[in-house]
Structures are given as structure tokens and as C-alpha cells.
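Data first, discussion second: the structure below is written as C-alpha cells.
As a basis for the values below, the full set of heavy atoms in this structure was taken, side chains included, without hydrogen atoms, waters or symmetry mates. Along the sequence shown, residues carry numbers from 1.
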Amino acid sequence: MSATQDRGSFRELYDYFAPRLKQFYMRSGTDEAMAEEMVQETFVLVWRKSHLYDPSRSAASTWIFTIARNHRIDRLRREKRFVQKEEHFFEAELVDDGSQDRDVDQPKMSLIINEALAELPPNQAELVRLSFYEEVTHAEIASRLQLPLGTVKSRLRLAFGRLRKKLAEFET
């Protein structure tokens with residue numbers, strides 16, 4: 001065990017963040033038993049990655065919730081349960097008459113989105129997938145693909161313009 005992996009401090013961190021992480025997982029649609037399991041898995045990752053934490057880059061809470069968010073995405077992908085609705089969809093919106101009509105058209109919308117993504121240049125489609133399906137930040141995309149941040153933002157802006165035109169066809 002390294003000097004940075006102090007068990008007492010880790011226990012305090014766990015006691016403070018475990019209930020918050022459990023709520024985070026449950027709010028995103030995970031049942032209680034699975035949420036508890038994912039909290040345990042998240043803290044295993046936190047323990048293993050503790051040497052990577054840099055307090056000058058982010059608060060501990062930001063770092064831990066980033067690990068949790070990425071773990072949730074990885075788990076959903078592994079289980080092929082990835083949901084394309086935004087994370088707080090059910091918290092932010094109650095079912096109304098209009099939303100039921102929109103949800104019935106969801107398969108058609110998914111098809112149109114996939115077709116629109118296929119029509120994008122590969123470099124733009126990759127950025128859209130990373131940004132929205134994998135929830136990678138623009139800065140992380142730039143770092144991962146070794147591109148200037150401005151290039152990432154410009155390509156995404158172009159991609160959104162093309163997607164907006166394609167999706168406008170769906171509205172009519």
C-alpha cells in the first residue's frame with residue numbers, strides 16, 4: 001500500500017460519498033441493489049486510481065463522480081442497456097399528451113439519427129459519438145484524439161448544423 005492510499009482517509013471518503021453515489025445511480029434508473037453494487041465497484045476504481053488524482057485539476061467530488069459516471073456508462077454498454085435519453089429526463093419532465101406522441105415515434109427518430117450520423121464525415125461523426133453517446137467532454141476528446149480544442153468545437157458545430165437540417169425533416 002502506498003503512502004497516498006491511507007485506509008482511514010479512504011473510509012471517511014467512502015462514508016461521505018457512498019450515499020451520494022447510490023442516489024446518483026438510483027436517479028439514473030438503477031435499482032437499489034444494483035446501485036449498491038455499483039457504489040462498491042466505483043470505490044474499488046477510486047482506490048486503484050487514487051495515485052491519478054490531482055487536487056489542482058478538480059475537487060475530489062468532481063473526480064469521484066466522473067469515475068462513477070464513466071463506470072455507469074461502461075456498465076450500461078457492457079450490458080447493452082444504454083439509454084439514449086438524457087440523464088435527468090424522468091426527473092425533469094412528467095408525461096404529457098405531447099410526450100406520449102413523441103415517444104411512440106422514438107424508433108423512427110433513432111433511425112433518422114443513425115442515418116444522419118452515417119451521412120456525416122467520419123471525423124465529425126466520431127466527435128458526436130464521443131460527445132453524446134460516451135459523454136466525453138470536449139477537452140477530453142481533444143486530448144484523446146490529439147486535436148486542438150477549437151478544432152473539436154468547430155467540427156461539432158458543423159456536425160450539429162448538418163444534424164439539425166436532417167432532424168428538421170422529422171419534425172415535418
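A distance-only check finds a donor-acceptor pair linking the side chain of Arg69 to the backbone of Glu135 [under 3.5 Å]. Panel note: side chain Tyr53, backbone Ser58; a donor-acceptor pair is recorded below 3.5 Å. A donor-acceptor contact shorter than 3.5 Å links the side chain of Tyr25 to the backbone of Ala68.
Rounded to the nearest 0.5 Å, atoms CG (Leu130) and CD1 (Ile141) are 5.0 Å apart. In this structure, CZ in Arg75 is found 9.5 Å from OG1 in Thr42, a value given to the nearest 0.5 Å. Once rounded to the nearest 0.5 Å, the distance linking OG1 of Thr62 with CD1 of Ile67 reads 11.0 Å.
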Under 3.5 Å, side-chain donor or acceptor atoms of residues 117-128 against the rest of the protein: list the pairs with distances, not counting sequence neighbours.
residue : atom : partner : partner atom : Å
Gln124  : OE1  : Arg162  : NH1          : 3.1

Could you list the donor-acceptor pairs under 3.5 angstrom formed between side-chain atoms of residues 145-155 and any protein atom two or more places apart in sequence or on another chain?
residue : atom : partner : partner atom : Å
Ser154  : OG   : Gly150  : O            : 2.9

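Around atom OH of Tyr16, no more than 12 heavy atoms belonging to other residues, nucleotides or ligands sit under 6.0 Å away.
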Item to check | Val39 and Tyr14: CA distance, side-chain angles, deciding distance, side-chain contact (heavy atoms from CB on, under 4.5 Å) verdict | outcome: CA-CA 9 Å; Val39 167; Tyr14 179 86; 4.2 Å; yes
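In this structure, Phe17 has no ring pair (Phe, Tyr, Trp, His ring centres under 6.0 Å) partners at least two apart in sequence or on a different chain. Applying the salt bridge (charged side-chain N to carboxylate O under 4.0 Å, His left out) criterion to Glu12, with sequence neighbours excluded, gives no partner residue. Under the side chain to side chain donor-acceptor pair (under 3.5 Å) criterion, Gln23 pairs with no residue at all, not counting sequence neighbours. In this structure Phe10 satisfies the ring pair (Phe, Tyr, Trp, His ring centres under 6.0 Å) test together with Phe43, Trp47, sequence neighbours excluded.
By the 4.5 Å heavy-atom criterion applied to side chains, Leu45 and Asn70 are not counted as neighbours.
Between Met34 and Asp31 the shortest heavy-atom distance is N-OD1, 2.8 Å. In this structure, Lys49 and Trp63 approach most closely via the heavy-atom pair O-CZ2, 3.3 Å. Contact record, Met38 with His71: O-CD2, 4.0 Å, taken as the closest heavy-atom pair.
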